[in-house]
Amino acid sequence: MKVLIVSGVLLLITSSLASKGDNSNEYNGCYHICHFNNCTSNMGIATYKSSQSLSERILQWNCDDECKYYCMWRTTQIFMDKGLDVPQFFGKWPFARVWGMQEPASVFFSVLNLLAHAINLHWFRKTVPSIAPLYKMWIFHAVICINAWVWSVVFHARDTPWTERLDYFCAFSMVLFSLFGLIVRLLGPRQAILRDIVAAGGVFFFTYHVWYLSKGRFDYGYNMKVNLIVGVLNGFGWVGWSLPRMKSRPYVQWCVYTVVFAMASMLLELWDFPPLLWTFDAHALWHFVTAPLPFMWYRFLESDCLYLLQRSSGPAYKKKI
């Protein structure tokens with residue numbers, strides 16, 4: 001589940017102002033010629049716009065973007081003809097566009113993750129009574145996750161500075177809210193005052209995080225460190241809470257399974273390679289293998305809420321459970 005491992009993946013992402021491909025003479029020569037011939041006159045721009053597909057117009061491709069795309073493939077072919085490795089461009093592999101989408105496989109697999117959360121939200125609402133402890137919190141958690149996957153779809157469809165930032169911000173909102181859920185579970189559902197204090201602190205920190213990264217040039221290093229710290233606390237915290245309770249509450253195993261499989265899926269990010277069929281890279285496959293994880297995670301949430309509801313009328317509920 002992305003909520004538990006996005007921080008680890010961000011460790012593997014480096015901000016690259018220039019990669020081997022876009023830093024090559026072949027690419028830069030091609031780009032400047034293409035841009036001068038096609039994008040510096042009204043006639044050239046009009047000709048380009050008339051040849052655009054509807055999907056490319058919707059995703060706001062312009063003449064300059066088209067030159068970058070064309071020269072990326074021309075440079076890639078030159079590298080391959082020389083027997084060189086496939087180059088990256090601006091920190092990314094070359095991908096074949098489909099209906100104007102830059103990374104179609106990642107888009108499709110992000111949609112699968114989005115649907116997984118939406119389906120499980122539906123079943124959570126059908127299975128768990130609204131009076132159950134933590135019901136509203138986990139409903140809000142599901143909405144945050146769905147929103148984050150929406151922006152993952154948008155970002156992979158069209159990589160721009162603002163779609164990148166929204167993807168990062170919303171991904172971090174999942175990680176941070178999961179940590180908030182862990183703290184609430186550790187405190188106990190009845191600790192309303194402490195819960196509100198923690199929530200206020202989380203909102204303040206998230207607001208500061210977004211403000212800091214938006215006020216100037218995006219600080220990838222800071223973003224990586226914050227996600228790493230929050231993610232490590234999150235993952236180890238849930239496992240640490242779960243292990244002592246697995247014998248008495250067998251459903252807790254689904255929490256452990258989710259964290260373990262989520263962390264294991266990070267190996268795909270380490271196994272970086274040029275996209276197969278110019279479509280399927282390690283990042284896309286990571287999105288694919290995370291899609292089933294919400295089914296385990298929400299099974300844990302449903303069972304835990306029902307457990308809390310069952311215990312809520314007894315004296316044991318007054319303790320941390």
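Here, residue 1 is the first one in the sequence, and each next residue gets the next number. Computed from heavy atoms alone, side chains included, the values below leave out hydrogens, waters and symmetry copies. Predicted model only: the values in this text are computed from it and were never measured.
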SB check [X] [Y] (cutoff 4.0 Å):
X     : Y      : answer
Lys92 : Asp159 : yes
Glu66 : Arg97  : yes
Glu26 : Lys82  : yes

>> Is the terminal nitrogen or CZ of Lys136 (NZ for Lys, CZ for Arg) located under 6.0 angstrom from the six-membered ring centre of Trp138 and within 45° of that ring's axis?
In response: no

If you compare all heavy atoms of [X] against all heavy atoms of [Y], which two are closest, and at what distance to 0.1 Å?
X      : Y      : value
Thr279 : Ala105 : O-CB, 3.4 Å
Gly100 : Leu59  : O-CD1, 3.1 Å
Phe95  : Pro275 : CE2-CB, 3.8 Å
His287 : His156 : NE2-NE2, 3.2 Å

>> Is the shortest side-chain heavy-atom distance between Cys30 and Tyr70 below 4.5 Å?
In response: yes

>> Tell me which one of Tyr257, Phe261, Trp238 satisfies ring pair (Phe, Tyr, Trp, His ring centres under 6.0 Å) with Trp297.
In response: Trp238

Hydrophobic cluster membership, [X] vs [Y], 4.5 Å side-chain cutoff:
X      : Y      : result
Leu308 : Leu186 : yes
Leu301 : Ile119 : no
Trp73  : Phe79  : no
Phe206 : Tyr212 : yes
Val203 : Val230 : no

>> Can you tell me how the ring of Trp162 sits relative to the ring of Trp151, calling it parallel under 30°, perpendicular over 60° and tilted otherwise?
In response: perpendicular

Scan side-chain atoms only and decide if [X] and [Y] contain a donor-acceptor pair under the 3.5 Å cut-off.
X      : Y      : result
Trp93  : Asp272 : yes
Thr163 : Thr160 : yes
Asn227 : Asn223 : yes
Glu302 : Tyr298 : no
Tyr31  : Asp64  : yes
Thr290 : Asn113 : yes

> Out of His32, Lys68, Arg74, which residue meets the side-chain contact (heavy atoms from CB on, under 4.5 Å) rule with Tyr27?
Replying inline: Lys68

> So which of Arg185, Arg245, Arg299 actually passes salt bridge (charged side-chain N to carboxylate O under 4.0 Å, His left out) with Asp304?
Replying inline: Arg185

>> Regarding Cys63 and Cys39, I want to know if their SG-SG distance comes in below 2.5 Å, which is how I'm defining a disulfide.
In response: yes

